[in-house]
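Note that these values count all heavy atoms, side chains included, but never hydrogens, waters or copies made by symmetry. Naming convention: chains lettered A, B, ... in sequence-line order (proteins, then strands); numbering from 1 in each chain.
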Protein chains: 2
Amino acid sequence: MSTRKTRQREAILRVLKRTTTHPTADWLYIEVRKEIPNISKGTVYRNLNFLHKTGEISELNPDGRVTRYDGRQDNHCHFSCEKCGQVFDVDEPVSPELGQRVAQEAGFQVNRHVLEFFGLCRDCQKGGE
Amino acid sequence: MSTRKTRQREAILRVLKRTTTHPTADWLYIEVRKEIPNISKGTVYRNLNFLHKTGEISELNPDGRVTRYDGRQDNHCHFSCEKCGQVFDVDEPVSPELGQRVAQEAGFQVNRHVLEFFGLCRDCQKGGE
DNA sequence: TTAGGTGCAAAACCTTTGCCATCCC
DNA sequence: GGGATGGCAAAGGTTTTGCACCTAA
């Protein structure tokens with residue numbers, strides 16, 4: 001089970017790394033297709049799952065419908081607009097000791113924790129409602 | 001658009017309020033069916049969405065697949081077991097001022113924020129990997 | 001009476017998977 | 001060469017929706 005280098009996998013990772021929009025698999029599919037026109041959705045999903053397992057990217061599920069992906073791997077969190085669905089980076093670091101406290105108190109083995117903000121982005125505040 | 005009181009809606013809310021397991025729509029469907037055998041899944045989903053909109057319950061999406069529901073409305077957060085998928089309450093309150101800071105820094109209108117922990121629950125720690 | 005709610009089933013949606021051809025090492 | 005990977009399409013699972021009937025107020 002070595003890890004092979006394929007055009008498809010490299011293209012997917014490259015496109016994801018160069019965007020900050022936390023795209024969906026579908027958006028990545030459309031984008032990568034500009035470069036590899038006959039790539040299939042199955043391949044996109046398989047590679048995203050692979051890259052997630054190997055820890056090169058991370059998954060987000062702000063709205064509970066579509067999975068979004070993030071190429072950043074440093075300590076940061078996200079803001080999701082409840083109107084337009086866009087996801088933005090927030091440079092509020094997540095303090096690691098929080099997990100330890102919860103682990104001790106409840107007996108869980110805490111591997112990670114996630115902090116997410118929800119509300120209206122700048123554009124959607126203008127639009128009213 | 002008044003709000004009608006129906007057996008179905010009341011039963012769903014009652015079942016959800018009396019559990020602490022953050023159930024899925026399907027689990028609630030099975031449970032409520034013990035009381036109202038011919039209730040339909042569509043009704044369960046419609047009412048859960050309704051109750052969520054009116055703020056009586058909240059939605060959780062720990063794993064990004066199935067939506068879970070929570071009848072508790074006070075300030076608390078959750079721990080999700082990455083192995084068995086169960087969701088537990090954590091009595092770590094979420095500090096409200098965090099949202100304000102992010103709002104000021106980034107220009108977002110922050111309505112709420114969520115803190116979630118992930119790892120292994122007690123039972124799944126025993127089972128090994 | 002009547003607008004909102006329900007049951008049923010089909011549709012919509014996102015994601016995974018089986019199968020065979022293809023490609024990388 | 002041989003196993004990992006890709007393309008294609010079908011299947012899978014969750015959630016939504018259209019429609020005719022029902023029911024609470």
Exercise. Kindly say if A:T6 contacts the phosphate of D:dG6, meaning a side-chain N or O under 4.0 Å from OP1 or OP2.
Key: yes
Quiz prompt | Minimal non-hydrogen separation, A:I57 against A:Q73, with atom names | solution = C-OE1, 3.7 Å
Quiz prompt | Check ion pair B:R112-A:E82 (N to O, under 4.0 angstrom) | solution = yes
Quiz item: Taking OP1 and OP2 of D:dC8, is either one under 4.0 Å from a side-chain nitrogen or oxygen of A:N38?
Solution: no
Practice problem: Ignoring backbone atoms, establish whether B:N47 has a side-chain N or O less than 4.0 Å from OP1 or OP2 of C:dG5. | Solution: no
Quiz item: What is the ring orientation for A:H78 with A:H22, classed by angle as parallel under 30°, tilted 30 to 60°, or perpendicular over 60°?
Solution: perpendicular
Quiz item: D:dT23 P sits how many Å from B:E10 CD, rounded?
Solution: 16 Å
Practice problem: Identify the two heavy atoms, one from A:V87 and one from A:P62, that lie closest to each other, and give their separation to 0.1 Å. | Solution: CG2-CG, 3.8 Å
Quiz item: Looking at C:dC25, C:dG7, C:dT6, which one has an atom nearest to any side-chain atom of B:I39?
Solution: C:dG7
Quiz item: Whole Å only: how far is the CZ atom of B:F50 from the P atom of C:dA3?
Solution: 18 Å
Practice problem: Could you state the atom-to-atom distance from OH of B:Y29 to P of D:dT15 in whole Å? | Solution: 14 Å
Exercise. Rounding to 10 degrees, work out the angle separating the end axes of the helix from C:dT1-D:dA25 to C:dC25-D:dG1 (five pairs an end).
Key: 40°
Quiz item: Does OP1 or OP2 of D:dG7 have a side-chain N or O of A:Q8 closer than 4.0 Å?
Solution: yes
Quiz item: Nearest 0.5 Å, what's the CZ-CG distance between A:R65 and A:D63?
Solution: 6.5 Å
Self-check item: Closest nucleotide among D:dA24, C:dT6, C:dC24 to the B:R4 side chain
Solution: D:dA24
Practice problem: Give the minimum heavy-atom separation between A:Y69 and A:N49, together with the two atoms involved. | Solution: OH-OD1, 4.4 Å
Exercise. Send over the distance from A:I36 CD1 to D:dG7 P, rounded to a whole Å.
Key: 7 Å
Quiz prompt | Rounded distance in Å - CG (B:L28) to P (D:dT15) | solution = 11 Å
Quiz item: To the nearest angstrom, how far is B:R33 atom CZ from C:dT6 atom P?
Solution: 17 Å
Quiz item: How does each nucleotide of nucleotides 11-22 of chain C score, in 5' to 3' order, for protein heavy atoms under 4.0 Å: base (B), sugar-phosphate only (S), or none (-)?
Solution: ---SBBBB----
Self-check item: Between OG1 on residue B:T19 and CH2 on residue B:W27, distance to nearest 0.5 Å
Solution: 4.5 Å
Quiz prompt | A:K53 NZ to D:dT5 P, straight-line distance once rounded to whole Å | solution = 11 Å
Quiz prompt | Distance-minimising heavy-atom pair for B:D70 and B:R72 | solution = OD1-N, 2.8 Å
Self-check item: Identified ring pair (Phe, Tyr, Trp, His ring centres under 6.0 Å) partner of A:F108 from the options B:F117, B:F118, B:F88
Solution: B:F88
